[in-house]
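Structure first, then comments.
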There are 2 protein chains.
Amino acid sequence: MAAKKAKPVCLDSVKAVRDTLEVINGKWKLDILISLSIGNERFTDIQDSIPGITPKILAKELKELEQHQLIKRTIIDDYPIKIVYRSENYAHTLHPIIYALKEWGLNHRKKIFNKGYVETDAAIASCMSEEGT
Amino acid sequence: MAAKKAKPVCLDSVKAVRDTLEVINGKWKLDILISLSIGNERFTDIQDSIPGITPKILAKELKELEQHQLIKRTIIDDYPIKIVYRSENYAHTLHPIIYALKEWGLNHRKKIFNKGYVETDAAIASCMSEEGT
DNA sequence: TAGGGCACTTTCCTAAAGGAAAGTAGTACC
DNA sequence: GGTACTACTTTCCTTTAGGAAAGTGCCCTA
């Protein structure tokens, strides 16, 4: 039997899916978003809140998140000068996706390893709520 | 202000999200799933249906998809011997996620480039339906 | 016995992601 | 003048993903 080619519309879908994945991929994007959501605003605070991240990577990821309009970089010009990063409302549109990815991941881990991996019902939803800790 | 650390539960969420991303990442996973869903079953058919994929990559991706129980490899032992790949029902649990990723990606593209990127309303849903084309 | 199809594997290579460590420019404080 | 803090950047290195091309083992048909 000859191979069936996918409809072009499907390939467009693949492209759109990949666009999204590109936005949330990168080993630290989620950690950064969480760090912002629990109240960290400044470069060094964000860095200190994420064990293992280097300034180079943090700078790069922040730039990408800003380009995607998920966060905003603001220069506060009193003394001493400060730079703050804050997540935009637009970032909230990612939450259902992140939640779904999390749920699927938890379930998948159970399926594959067939062992419990229980979590109190505090989810990304809570991690992402306006006031953390 | 000192950096706020994320709650451990949030880090577990990040892990779960990454688990899921790992499953659907890989440049060709989605294409392969689509190829299977439109009726391709055999190695060379799948390969021919996805322009640009090499046998090495295809073999690797198929192995990973099988490990994640999204597809099944079956040896059909009459003559000539055949090997068929079929997606498992479990793969369907990914559809809502893929759909959400696609929708977000389409919208994001509009937001970033501010230009229309219209698609007839046939989505992954239709790409993934049991009988393609 | 030669050639061809199938389902891969092997070898070699390139590009991109990611990381460690050090450096830098501006300001402030002592 | 020296030290420290902030927000990065730069250099160099390692790891990983992915790809091109060729090869392999098996069976089948002519």
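Lettering of chains follows the sequences in order, A, B, ..., and the numbering in each one begins at 1.
- Atom P of nucleotide C:dA7 and atom CD1 of B:Ile32 are separated by 15 Å, given to the nearest angstrom.
- If you take CG of A:Asp45 and P of D:dC8, they are 13 Å apart, rounded to a whole angstrom.
- Nearest heavy-atom pair, A:Arg42 versus A:Lys82, reported as atom, atom and distance to 0.1 Å: NH1-CD, 3.1 Å.
- Across all their heavy atoms, A:Arg109 and B:Asp19 have their closest contact at NH2-OD2, 2.7 Å.
- Where B:Ile81 and A:Asn25 meet DNA chain C, the nucleotide closest to each residue was compared, and B:Ile81 sits on the side nearer the 5' end.
- Of the candidate nucleotides D:dA7, C:dG19, D:dC28, D:dC28 has the atom lying nearest to any side-chain atom of B:Pro80.
- A:Ala6 and A:Cys10 get closest at one heavy-atom pair: CB-CB, 4.4 Å.
- Rounded to whole Å, atom P of C:dT27 lies 17 Å from atom CD1 of A:Ile76.
- Counting non-hydrogen atoms under 4.0 angstrom, B:Gly26 reaches the backbone sugars and phosphates but no base.
- The phosphate of D:dA7 (OP1 or OP2) has a side-chain N or O of A:Arg42 nearer than 4.0 angstrom.
- The distance from atom CD1 of B:Ile53 to atom P of D:dA20 is 11 Å, rounded to the nearest whole Å.
- As a whole-Å value, the separation of B:Arg18 CZ from C:dG18 C1' is 13 Å.
- For the OP1/OP2 pair of D:dG19 and a distance below 4.0 Å, the side-chain nitrogens and oxygens of B:Trp28 include at least one atom meeting the criterion.
- The side chain of A:Thr44 sits closest to D:dT6 out of D:dG19, C:dA7, D:dT6.
- A:Lys15 has its side chain out of reach of A:Arg18: every pair of non-hydrogen atoms, C-beta onward, lies at least 4.5 Å apart.
- Regarding B:Lys27, its NZ atom lies at a distance of 12 Å from the P atom of C:dA17, rounded to whole Å.
- B:Leu36 and B:Tyr85 get closest at one heavy-atom pair: CD2-O, 3.6 Å.
- A:His108 and B:Tyr90 make their closest contact through ND1-OH, 2.6 Å (heavy atoms, listed as atom of the first residue, atom of the second, distance).
- When rounded to the nearest whole Å, the span between CD1 of B:Ile75 and C1' of C:dC6 equals 13 Å.
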Table please: side-chain donor-acceptor pairs of residues 20-33 of chain A below 3.5 Å, with sequence neighbours left out.
| from | atom 1 | to | atom 2 | distance (Å) |
| --- | --- | --- | --- | --- |
| A:Thr20 | OG1 | A:Ala16 | O | 3.3 |
| A:Thr20 | OG1 | B:Leu101 | O | 2.6 |
| A:Thr20 | OG1 | B:Gly105 | N | 2.9 |
| A:Asn25 | OD1 | B:Asn25 | ND2 | 3.4 |
| A:Asn25 | ND2 | B:Asn25 | OD1 | 3.4 |
| A:Lys29 | NZ | A:Asn25 | O | 2.9 |
| A:Lys29 | NZ | A:Glu61 | OE1 | 3.1 |
| A:Lys29 | NZ | A:Glu64 | OE1 | 2.7 |

### Query
With the sugar-phosphate defined as primed atoms, P, OP1 and OP2, and the base as all remaining atoms, what B/S/- string results for nucleotides 8-13 of chain C, 5' to 3', for protein heavy atoms under 4.0 Å?
BBBB--
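- For the pair B:Glu22 CD and D:dT16 P, the computed distance is 12 Å after rounding to whole Å.
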